[in-house]
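Worksheet: one structure, shown below.
Quick note: residue numbers are just sequence positions, from 1.
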Amino acid sequence: MSQTTIRIDPHVHSEASYDGHDPVELLLEQAAEIGLDGIVVTDHDVIHESLRAAELAPEYGLFGIPGVEVSTAVGHLLAIGVEEMPPRRTGLEETVEWIRDHGGIAVVPHPFQRSRHGVPRRHLVDCDAIEVFNSWLFTGYRNRRARRFAAEGDYPGVAASDAHSVPHVGRAYTEFVIDDADRASLDGDRVLDAVRSGATRMRGRRQPVLTSARHYAVGSARKSGYYAKVGALKGRSGLTRGAQLLSDAASR
């Protein structure tokens with residue numbers, strides 16, 4: 001029986017994420033240039049750019065698979081293969097079921113790392129796969145812990161770059177081994193089936209510690225700045241509304 005190996009980076013962020021930097025066109029171009037067969041753009045709680053990336057992917061000779069990194073009540077979850085936004089801030093089990101009902105797979109990224117909203121061990125009771133290698137982790141400890149947990153629970157494992165800019169795409173990726181198929185006959189659904197069956201191999205290496213440290217620092221600053229801006233806009237809106245109410249009252 002013949003086998004086809006597909007190389008996918010299943011966890012990549014575009015400029016649509018608050019901590020992302022680059023448009024999907026550059027991410028796709030980089031993926032094709034370094035020999036990947038596809039990427040999954042998984043922005044934080046928005047899916048529009050991932051849908052666009054999946055539509056554009058064939059132009060770059062890549063598989064188009066949409067996805068999103070959704071915030072659940074207990075941590076982040078990758079919804080891969082879905083075409084609409086899952087509900088936010090709901091329970092992990094409910095979100096996993098929603099993803100399955102919509103034809104996707106639920107993958108837990110960087111588990112147990114609370115500084116990055118990883119799902120705590122006590123809440124990780126169901127998913128379709130676990131990210132057992134994330135290239136942005138400071139040390140190998142969390143990756144090793146994720147691998148042990150996946151092995152103990154018989155969960156398929158995936159590796160991903162968690163790239164937030166073009167140079168880091170493909171730093172880590174997953175090989176999907178698909179039986180009795182050639183590349184021309186494959187699509188995103190077959191890749192998702194390969195994850196469900198555990199037909200995966202992990203490839204990649206971690207980012208240097210200093211690079212990771214800068215990434216976390218910049219990401220934290222961008223997030224703080226974003227919420228500060230949102231708060232300021234809300235405050236300004238409230239002041240404007242208050243002034244309008246006073247003006248209306250004075251004119252009566």
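Of the possible donor and acceptor atoms, none in the side chain of D189 sits under 3.5 Å from a partner among the backbone N and O of L192. Side-chain atoms of S50 come within 3.5 Å of backbone atoms of G67 as a donor-acceptor pair (strictly under, hydrogens ignored). Distance alone, capped at 3.5 Å, is enough to place a donor-acceptor pair between the H102 side chain and the W98 backbone.
Annotation: the span from L27 atom CG to L56 atom CG amounts to 11.0 Å, rounded to 0.5 Å. Atom CG of L77 sits about 8.0 Å away from atom SG of C127, to the nearest 0.5 Å. Interatomic distance, I8 CD1 to I80 CD1, rounded to the nearest 0.5 Å: 10.0 Å. Between the CZ atom in R7 and the CD1 atom in I34 there is a gap of 11.5 Å [rounded to 0.5 Å]. Distance check: E175 CD to M202 CE gives 10.0 Å after rounding to the nearest 0.5 Å. We find the CD-CG distance between E15 and L26 to be 8.5 Å, quoted to the nearest 0.5 Å.
Hydrophobic cluster membership is shared by I65 and I6, with clusters built from Ile, Leu, Val, Met, Phe, Trp and Tyr side chains linked at under 4.5 angstrom. Neither V108 nor I105 shares a network with the other; the hydrophobic side chains, linked directly or stepwise wherever heavy atoms of I, L, V, M, F, W or Y lie under 4.5 Å apart, form separate groups for each. Hydrophobic cluster membership is shared by I130 and V74, with clusters built from Ile, Leu, Val, Met, Phe, Trp and Tyr side chains linked at under 4.5 angstrom. Follow the hydrophobic side-chain contacts under 4.5 Å out from L62 and you never reach V191; the two are in separate clusters. Cluster annotation: V107 is connected to F176 through the hydrophobic network of ILVMFWY side chains, with a link wherever side-chain heavy atoms come within less than 4.5 Å.
Shortest non-hydrogen contact noted between L124 and Y155 is O-OH, 4.5 Å. In terms of heavy-atom proximity, E131 sits nearest to P111 at O-CD, 3.5 Å. Scanning all heavy atoms of the two residues, the minimum distance from A79 to I99 falls at CB-CD1, 3.5 Å. Across G157 and T200, no two heavy atoms sit closer than the pair O-OG1, 2.7 Å. Annotation for G170 and L36: closest pair CA-CD1, 4.0 Å, computed over non-hydrogen atoms. Contact between A159 and P10 at its shortest, heavy atoms only, is O-CD, 3.2 Å.
Ring to ring, H21 and H13 are not that close: their centroids are 6.0 angstrom or more apart.
Residues in residues 35-52 take part in these salt bridge (Lys or Arg N to Asp or Glu O under 4.0 Å) pairs, two or more places apart or across chains: E25-R52, D37-R183, E49-R52. Screening residues 69-86 for salt bridge (Lys or Arg N to Asp or Glu O under 4.0 Å), with sequence neighbours left out, gives no hits.
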Handout entry: Derivation of the salt bridge (charged side-chain N to carboxylate O under 4.0 Å, His left out) call for D193 and R190
Key = CA-CA 5 Å; D193 286 340; R190 291 292 300 274; 5.1 Å; no

Exercise for the section: Please report the C-alpha distance between E93 and V96 in whole Å, then the side-chain angles of each, then the deciding distance to 0.1 Å, and finally whether the side chain to side chain contact (heavy atoms under 4.5 Å, CB included) criterion is met. Expected result: CA-CA 5 Å; E93 293 180 73; V96 168; 5.6 Å; no

Problem - Candidate pair I178 and L186, rule side chain to side chain contact (heavy atoms under 4.5 Å, CB included), full reasoning - result: CA-CA 9 Å; I178 302 174; L186 295 177; 3.9 Å; yes

Practice task
Test H11 against D162 for side-chain hydrogen bond (donor to acceptor under 3.5 Å, both in side chains), laying out the working first.
Solution key: CA-CA 5 Å; H11 185 178; D162 197 359; 3.0 Å; yes

Exercise for the section: Determine, step by step, whether S135 and S161 satisfy the side-chain hydrogen bond (donor to acceptor under 3.5 Å, both in side chains) criterion, reporting the C-alpha distance in whole Å, the side-chain angles of both residues, the deciding distance to 0.1 Å, and the verdict. Expected result: CA-CA 5 Å; S135 71; S161 69; 5.2 Å; no

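The closest side-chain donor-acceptor pair between H164 and D19 falls under 3.5 angstrom. There is a side-chain donor-acceptor pair under 3.5 Å between T90 and T95.
At most 12 non-hydrogen atoms from other residues, nucleotides or ligands lie less than 6.0 angstrom from CD of E33. Within a 6.0 Å radius of CG in D154, no more than 12 heavy atoms belonging to other residues, nucleotides or ligands are found.
By the 4.5 Å heavy-atom criterion applied to side chains, R201 and T5 are counted as neighbours. By the 4.5 Å heavy-atom criterion applied to side chains, S71 and R89 are counted as neighbours.
Annotation: cation-pi pair R145/F112 present, NZ/CZ under 6.0 Å from the ring centroid and within 45° of its normal.
Applying side chain to side chain contact (heavy atoms under 4.5 Å, CB included) to V12 and the options D22, V166, I39 leaves one that passes, I39. Results of the side chain to side chain contact (heavy atoms under 4.5 Å, CB included) test with M85 over V70, L51, V46 single out V70 as the only residue that passes.
The pair R100-D126 meets the salt-bridge criterion, since a charged nitrogen lies less than 4.0 angstrom from a carboxylate oxygen.
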